[in-house]
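Report on the following structure.
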Amino acid sequence: MKISIGNDHAGTDYKFAIVKHLEAKGYVVNNYGTDASDSVDYPDFVHPVALDVTNKKVDFGIIICGSGNGANMTANKHQEIRSALCWSKEIVVLARQHNDANILSIPARYTAVQQAIEMVDAFLETAFEGGRHQNRVNKIPVSC
Ligand SMILES: O=C(CO)[C@H](O)[C@H](O)COP(=O)(O)O
């Protein structure tokens, strides 16, 4: 499975921990995030992830900023993206089962590293349930 990941300065340490974890499990990870702690602008590091997911270059995306909000807002400007801002494993599981989320947004300043890793695992291992949820997901894009 291929993953693209992006982060701003608030998410650098979390990104390294997540990439290390995923690569140890055999995932291929494209790193679009900053590798430094110098202040940067999160959209510059999120759009490439959203484009990879949109263009089906990867299976899923992971984005990280301080609150998770800016990264999430940026990703969700892309028509094909369903990015979920999550703060617990339970929310992550629902984002996959009910919403078919294709990007996980992590709030680094409000999540422990180990919790973030557990959320990533849940995100990548949980299937979309389809059925009634498919009808709803189909209605998310704005067509007017
Ligand atoms: O969470 C974020 C966006 O939603 C950013 O990580 C946060 O705004 C960065 O703040 P600062 O420049 O004060 O480090």
Side-chain angles (χ1 to χ4, degrees), residues 1-129 133-134 136-144:
M1 192 182 280
K2 291 182 183 171
I3 309 296
S4 285
I5 191 165
N7 61 281
D8 73 357
H9 53 287
T12 302
D13 291 345
Y14 282 61
K15 186 268 301 294
F16 283 133
I18 290 167
V19 170
K20 183 178 176 186
H21 174 76
L22 290 179
E23 288 183 340
K25 295 181 81 171
Y27 291 92
V28 174
V29 186
N30 300 322
N31 172 22
Y32 291 110
T34 179
D35 290 342
S37 56
D38 307 282
S39 183
V40 294
D41 302 330
Y42 54 82
D44 297 334
F45 304 89
V46 168
H47 286 305
V49 175
L51 289 171
D52 269 8
V53 175
T54 296
N55 295 325
K56 303 194 186 320
K57 287 186 178 174
V58 297
D59 300 283
F60 292 107
I62 298 167
I63 53 178
I64 315 162
C65 68
S67 68
N69 268 323
N72 197 49
M73 290 175 187
T74 303
N76 278 321
K77 288 296 180 184
H78 294 252
Q79 183 83 354
E80 301 298 322
I81 295 303
R82 291 177 300 281
S83 180
L85 171 56
C86 297
W87 55 94
S88 75
K89 187 177 166 185
E90 290 74 19
I91 298 289
V92 169
V93 169
L94 285 171
R96 286 290 306 127
Q97 289 178 333
H98 287 204
N99 311 119
D100 198 17
N102 49 17
I103 292 184
L104 169 63
S105 181
I106 297 173
R109 289 176 177 164
Y110 300 91
T111 311
V113 173
Q114 188 54 38
Q115 186 187 11
I117 288 172
E118 288 172 12
M119 292 199 299
V120 166
D121 281 344
F123 186 73
L124 300 178
E125 293 166 9
T126 303
F128 178 47
E129 287 183 354
H133 303 299
Q134 184 66 67
R136 297 159 186 171
V137 167
N138 290 346
K139 293 181 179 181
I140 291 176
V142 176
S143 55
C144 54

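In this chain, residues are counted from 1 in sequence order. Values reported hereafter were calculated over all heavy atoms of this structure, with side chains retained and with hydrogens, waters and symmetry mates removed. Indexing begins at 1, ligand by ligand and atom by atom, following the structure's order.
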Answer yes or no: are there more than 12 heavy-atom neighbours, outside E80 itself, under 6.0 Å from its atom CD?
-> no

Would you find more than 12 non-hydrogen atoms of other residues, nucleotides or ligands less than 6.0 Å from K56 atom NZ?
->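 Not buried by this count: 12 neighbours or fewer within 6.0 Å.
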
Could you tell me how the ring of H98 sits relative to the ring of H133: parallel (under 30°), tilted (30 to 60°) or perpendicular (over 60°)?
->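 Correct class here is parallel.
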
Tell me, do D35 and F16 make a side-chain contact under 4.5 Å, heavy atoms counted?
-> yes

With a 4.5 Å heavy-atom cut-off, do K57 and K2 have their side chains touching?
->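 No. Closest side-chain heavy atoms not under 4.5 Å.
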
Kindly confirm or rule out an N or O of R109 lying under 3.5 angstrom from an N or O of ligand 1.
-> yes

Approximate separation, where rounding is to 0.5 Å, of N72 CG and K77 NZ =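 These two atoms lie 11.5 Å from each other.
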
d(Y42 OH, S105 OG) to nearest 0.5 Å is 10.5 Å

Going by heavy atoms, is H9 under 4.0 Å from ligand 1?
->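 The answer is yes, since H9 has a heavy atom less than 4.0 Å from ligand 1.
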
Would you mind running through ligand 1 and noting each atom that sits below 4.0 Å from a heavy atom of [X]?
{"X": "D8", "answer": "5 (C), 6 (O)"}
{"X": "G66", "answer": "1 (O), 2 (C), 5 (C), 6 (O)"}
{"X": "A10", "answer": "6 (O)"}
{"X": "Y42", "answer": "3 (C)"}

Atom 1 (O) of ligand 1 [closest protein heavy-atom partner, distance rounded to 0.1 Å] | S67 N, 2.8 Å

Could you check atom 4 (O) of ligand 1 against the protein and tell me its nearest heavy-atom contact, residue, atom and distance included?
->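 Protein heavy atom at minimum distance: G70 N, 2.9 Å.
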
Look at atom 6 (O) of ligand 1 and say whether a protein heavy atom is found at less than 4.0 angstrom from it.
->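 Under 4.0 Å from atom 6 (O) of ligand 1, at least one protein heavy atom found.
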
